[in-house]
Amino acid sequence: MSDTFDADGITLERVRDYVWEIEQAESEGMNVPARVLASEALLEEIKEDDSLEQIRNVTHLPGIQQYALCMPDAHQGYGFPVGGVAAIDAENGCISPGGVGFDINCGVRMVKTNLTYDDVEGREEELVDALFEAVPSGLGGGGVVDGDAETIEGILERGMDWALEEGYAVREDLHHCEDEGYRPDADPSAVSKKAKDRGMNQIGSLGSGNHFLEVQRVTDVFDDEVADAYGLEAEQIVVLIHCGSRGLGHQVCSDYLRRIEDEHPDFLKSLPDKNLAAAPAGSELAEEYYGAMCAAINFAWVNRQLIMYQTRQVFEDVFEAPWEDLGMELLYDVAHNIAKKEVHEIDGEEKEVYVHRKGATRAFPAGHPEVPSAYRGVGQPVIIPGSMGAGSYVLRGGSESMATTFGSTAHGAGRLMSRTQAKQEFWGGDVQEELREENAIYVKAQSGATIAEEAPGVYKDVDEVIEVSDSLDIGDKVVRTYPVCNIKG
DNA sequence: ATGTCC
């Protein structure tokens with residue numbers, strides 16, 4: 001077992017199993033070291049793109065605490081790597097839109113059912129067609145709800161509370177959502193009219209890219225006690241919904257990147273990559289971005305709620321029973337592109353930090369006060385989608401997450417290649433046919449190109465990613481699922 | 001991710 005890993009000019013030292021460190025070079029402007037949580041096999045893949053340079057650049061941000069982190073699914077992104085975690089002093093540091101990502105509150109929710117695979121097998125096409133019909137997907141406009149200006153304000157201001165008031169949610173849905181589906185710091189007045197206009201006709205829509213709705217079956221139970229607390233068991237049918245804040249969140253990110261360039265040019269010039277653009281903590285711009293981002297977070301939660309609402313209707317039609325009788329409770333909804341003010345113990349003292357999780361999932365452990373009461377005894381559910389050919393995992397927040405990763409773990413399998421490269425390697429129709437004939441997985445998409453971009457071979461091995469999380473006790477395996485049918489943009 | 005460039 002070697003103690004260093006040479007990644008083409010960047011040297012990583014092994015701290016312990018699955019923990020690698022890029023030493024802090026103060027002369028180069030690094031404020032802290034960088035850490036990468038990965039097996040050697042994953043590190044071999046991670047080193048092939050710019051992730052390691054990017055995470056080293058992140059350590060230059062003023063006020064960053066302890067170390068910048070790459071989760072095991074890391075790949076290169078815009079400024080920050082996707083799969084990046086950075087905790088930055090909320091008083092004397094900064095907040096970075098690039099550390100959140102364009103798709104603010106991209107995230108995942110899992111809906112349970114009391115159906116088993118036997119109930120669905122042979123009816124996949126009927127189900128996938130009905131879901132495709134009921135859930136708007138693809139680029140551009142068209143949502144479940146036709147919004148006006150007042151609707152948008154309500155959603156941005158109140159998040160899932162809006163959905164409850166309007167009859168799209170039941171109270172229990174809010175309890176099974178990170179932050180109860182509502183960020184009180186949201187400031188709709190900090191969201192541009194252009195962003196609101198883009199969101200207006202996208203309320204309740206999947207979007208494109210890696211976003212999808214997938215019916216799955218539970219294939220493996222790793223922890224009986226926690227699975228029982230979550231209400232999950234072998235052969236059970238569940239539904240996974242993966243999407244974000246659509247054009248609205250994208251526009252918020254673009255607007256504030258532009259304003260940082262205009263209003264803080266000197267600060268920007270001091271950073272190694274202009275795509276790391278950050279607003280100094282305490283500045284008016286930092287407050288406005290935080291308020292706008294929180295509003296976009298609320299929008300994304302309503303978006304996933306409306307897609308779940310439609311899913312419940314579809315199951316009622318197809319399986320001819322009220323959704324309550326079908327056991328279609330929300331297990332949990334997690335955000336994986338987000339920055340939040342949180343208090344963490346750092347060097348023995350409690351400190352308020354902006355925890356940036358860009359392609360990383362909150363993974364709070366048992367006993368944490370922010371874990372909903374139903375799950376507080378075992379830790380929060382962490383939902384990690386794999387590719388449409390691999391299946392997904394439910395983890396529980398692990399005992400070491402607070403000490404190791406500011407309460408975070410991975411968010412997916414992580415890409416192995418760019419979308420452009422994926423389209424050269426795969427053809428959508430072939431991928432779709434192979435999944436159906438060899439794996440009995442029914443995929444329906446607006447665009448063949450999207451299927452190629454999201455082909456299973458485009459992703460890292462989700463089992464390997466989860467092994468790292470489980471071994472480090474930051475997110476522990478509870479159940480694994482396998483796809484039944486999938487709709488996407 | 002995204003009305004894949006204002």
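Nothing here was measured: the structure is a model prediction, and the numbers come from that model. Convention: sequence-line order gives letters A, B, ...; per-chain numbering from 1. Excluded from the calculations below are hydrogen atoms, water molecules and symmetry mates; all remaining heavy atoms, backbone and side chain alike, are included.
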Could you pull out all residues at least two apart from Lys444(A) that satisfy side-chain hydrogen bond (donor to acceptor under 3.5 Å, both in side chains)? Asp129(A)
Output the rounded distance in Å from CD (Gln251(A)) to C1' (dT4(B)). 14 Å
Regarding Glu453(A), tell me which of base, sugar-phosphate or nothing describes its non-hydrogen contacts under 4.0 Å with the strands shown. nothing
State which residues pass side-chain contact (heavy atoms from CB on, under 4.5 Å) with Asp430(A); sequence neighbours excluded, sorted by chain then number. Trp427(A)
State which residues pass side-chain contact (heavy atoms from CB on, under 4.5 Å) with Asp148(A); sequence neighbours excluded, sorted by chain then number. Glu150(A), Thr151(A)
Could you state the atom-to-atom distance from OH of Tyr256(A) to C1' of dT2(B) in whole Å? 19 Å
Separation of Lys194(A) atom NZ from dT2(B) atom P, in whole Å? 16 Å
Return the value, rounded to whole Å, for the distance between atom CD of Glu454(A) and atom P of dT2(B). 11 Å
Residue pairs involving residues 259-288 of chain A (criterion ring-ring contact (aromatic ring centres under 6.0 Å, His included); sequence neighbours excluded): none
Can you tell me the distance, in whole Å, between the OH atom of Tyr78(A) and the P atom of dT4(B)? 16 Å
Just how far, in rounded Å, is P of dT2(B) from NZ of Lys488(A)? 11 Å
Quickly work out the Asn201(A) CG to dT2(B) C1' distance and round it to whole Å. 14 Å
Tell me what Ser208(A) touches on the nucleic acid: a base, only sugar-phosphate, or nothing, going by heavy atoms under 4.0 Å. sugar-phosphate
State, to 0.1 Å, how close Asn303(A) and Cys243(A) come at their nearest heavy-atom pair, and which atoms those are. ND2-SG, 3.7 Å
Grab the CG-P distance between Leu206(A) and dT2(B) for me, whole Å please. 10 Å
Over all heavy atoms of both residues, which pair between Asp89(A) and Ala281(A) is shortest? Give the atoms and the distance, please. O-CB, 4.0 Å
Of Lys423(A) and Phe102(A), the one whose closest DNA chain B nucleotide lies more 5': Phe102(A)
Contacts of type side-chain contact (heavy atoms from CB on, under 4.5 Å), residue Ala41(A), not counting sequence neighbours: Ser39(A), Glu464(A)
Which ones in residues 240-250 of chain A lie close to DNA chain B, meaning a heavy atom under 4.0 Å from one of its atoms? Arg246(A), Gly247(A), His250(A)
